[in-house]
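These values consider heavy atoms only, across backbone and side chains, with no hydrogens, waters or symmetry-generated copies. The sequence lines fix the lettering, A, B, ..., with proteins before strands; numbering per chain opens at 1.
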There are 2 protein chains.
Amino acid sequence: MQNETWQPPSVLLTVDLVILTLRSSALHVLLIERGIDPYKGELALPGGFIADAGEDVFDAACRELREEANLDATELHLEQLGAYGTPGRDPRGRIVSVAYLAIAPGLPEPEAGTDASAASWLPVEEFSQGRRQLAFDHRQILDDGLERARSKIEHTSLAAAFCDESFTIAELQRVYEAVWGFELDPRNFYRKVQAVPNFLAPVVPDRRITKGRPARLFRTGPQQILRPPMMRPLPPTQSEDEE
Amino acid sequence: MQNETWQPPSVLLTVDLVILTLRSSALHVLLIERGIDPYKGELALPGGFIADAGEDVFDAACRELREEANLDATELHLEQLGAYGTPGRDPRGRIVSVAYLAIAPGLPEPEAGTDASAASWLPVEEFSQGRRQLAFDHRQILDDGLERARSKIEHTSLAAAFCDESFTIAELQRVYEAVWGFELDPRNFYRKVQAVPNFLAPVVPDRRITKGRPARLFRTGPQQILRPPMMRPLPPTQSEDEE
DNA sequence: TCAAAAGTGTTGATCGTACACCCATGA
DNA sequence: TCATGGGTGTACGATCAACACTTTTGA
């Protein structure tokens with residue numbers, strides 16, 4: 001236990017964002033090329049220091065979302081991933097980062113001439129087997145964010161956050177396939193999602209023009225928790241050795 | 001964007017612990033009665049400031065576990081819940097807390113005469129419907145920890161962390177029943193857990209003396225992810241209104 | 001009328017649940 | 001030999017994967 005003159009040490013606080021979206025049926029993450037040291041020129045997650053001692057951490061994540069990605073936090077899903085506080089993770093000193101996961105519908109390229117101009121969408125597939133590195137411990141944060149997304153679309157309605165407000169069941173299926181990296185049977189998927197009570201609510205009018213028969217449109221219903229869950233097929237398991 | 005003389009603000013960092021265990025087949029959480037202001041005399045989660053600017057946040061959680069609860073972090077499950085950083089959550093100033101969830105096998109009462117003497121195990125049931133309050137935002141942290149535990153025992157082997165190194169299937173069942181608040185059929189539970197490949201491994205010798213037929217002993221196998229998952233029965237859902 | 005995508009029916013295997021029943025031990 | 005808890009068999013309904021098939025549109 002500390003004596004009475006002991007003062008607790010202070011740390012610097014940053015937020016980092018794993019922003020995911022679907023582009024051309026592939027999962028992408030928004031990354032920036034760092035313009036300053038440390039890690040100048042390397043890829044990193046968007047983020048930054050909290051603005052002042054009174055700023056809420058969640059508000060800081062919303063602000064960075066706006067400043068670095070031109071995205072409005074009220075229009076997308078934003079949840080905390082966790083705190084990353086290992087000493088030495090940032091060469092500038094003791095910096096603890098609170099990471100957030102954001103999920104956005106398909107979006108245009110970040111506009112040049114804005115603060116977001118250094119940002120670009122990269123396919124997550126390029127980072128999947130350690131093929132490409134990121135600054136700081138951002139590789140770990142990205143992996144944690146991906147696993148969170150993969151896991152949460154199983155038993156929550158999170159997958160709809162990748163879609164526009166109204167969407168077809170085929171569009172929703174493309175989300176699951178991109179995030180999980182598995183192909184799914186469209187006929188079974190169609191019935192499975194509709195069988196979950198209050199997950200999807202039909203939207204009557206404005207159907208879109210496609211090639212074949214037009215699809216029905218849906219929006220998310222009140223049910224956030226999926227029962228039964230959408231179970232992802234297991235990857236090739238080689239543990240078939242029980243009797 | 002900030003100008004060049006701007007300096008990022010610093011914050012104070014604490015860790016808080018949600019320590020769960022099973023006592024007499026009921027889920028309990030370790031709480032301390034605060035000896036100093038703020039919230040003097042009220043119940044709070046064990047925790048405290050990081051010791052110095054170089055201490056890892058996880059290590060700080062291990063240290064508090066030892067100091068405040070007399071528990072050894074190497075012998076129990078410890079995982080991060082998340083960061084709690086709303087301004088005003090602590091009247092002493094801008095304090096960000098990183099919360100951890102710890103799960104321990106059944107343990108004796110904290111010893112008097114130690115730093116942990118102000119700590120005691122309380123049944124979580126007393127806090128379940130806002131019946132009793134906690135200091136700071138610890139009520140929220142406790143709720144998040146409970147939901148994490150309830151959710152994780154569904155699809156991971158976390159439930160075994162509530163048991164000793166070797167345990168019977170009936171003991172494991174009591175964990176599920178206490179954490180979920182549901183009674184389960186012992187016969188079906190028995191086969192269900194054994195059907196998960198590599199979840200449980202038999203332990204041959206030393207069986208315990210009980211009333212009836214002695215039960216087989218098991219320890220956890222290498223499989224951390226449960227496939228298929230143990231699904232908790234749904235609470236009385238009143239949304240049976242689809243056609 | 002053809003291609004393409006949406007949506008439906010059906011079937012056999014698997015899984016979950018309920019519960020009857022048998023087994024091994026201490027008292 | 002009885003009470004007690006451990007463990008097995010089985011049957012029925014629900015769910016799932018696979019895939020043949022019909023529907024609705026644009027071209």
Go through B:Arg131 and B:Glu126 one step at a time and tell me if the salt bridge (Lys or Arg N to Asp or Glu O under 4.0 Å) criterion holds.
CA-CA 6 Å; B:Arg131 285 216 280 272; B:Glu126 294 189 16; over 6 Å; no

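Helix bend of the helix from C:dT1-D:dA27 to C:dA27-D:dT1: the angle between its two end axes, each built from five pairs, comes to 0° after rounding to 10°.
What separates CD of B:Glu183 from C1' of C:dC19 is a distance of 16 Å, to the nearest Å. Following rounding to the nearest Å, A:Asp185 (CG) and C:dG9 (C1') show an atom-to-atom distance of 14 Å.
When ring centroids are compared, A:Tyr176 and A:Phe189 come within the 6.0 Å threshold.
Residue B:Tyr190 places at least one side-chain N or O closer than 4.0 Å to OP1 or OP2 of D:dT8.
Using modelled atom types, one finds a donor on one side chain and an acceptor on the other under 3.5 Å when comparing A:Tyr84 with A:Asp144.
Taking CG of A:Leu134 as the start and CG of A:Leu45 as the end, the distance is 6.0 Å to the nearest 0.5 Å. Atom CZ in A:Arg216 sits 11.5 Å away from atom CG in A:Leu200 (nearest 0.5 Å).
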Protein-nucleic acid N or O pairs under 3.5 Å, nucleotides 21-23 of chain C:
from: C:dC23; atom 1: O2; to: B:Arg213; atom 2: NH1; distance (Å): 3.2

Tabulated below should be each protein N or O lying under 3.5 Å from an N or O of nucleotides 15-17 of chain C; please produce it.
none

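Ionic pairing of B:Glu147 and B:Arg232 is present here: one or more N-O contacts between side-chain nitrogen and carboxylate oxygen are shorter than 4.0 angstrom.
Of the two residues near DNA chain D, A:Lys211 and B:Ala170, the one whose nearest nucleotide lies more 5' is B:Ala170.
Smallest separation of non-hydrogen atoms from B:Ala83 and A:Val98: CB-CG2, 3.9 Å.
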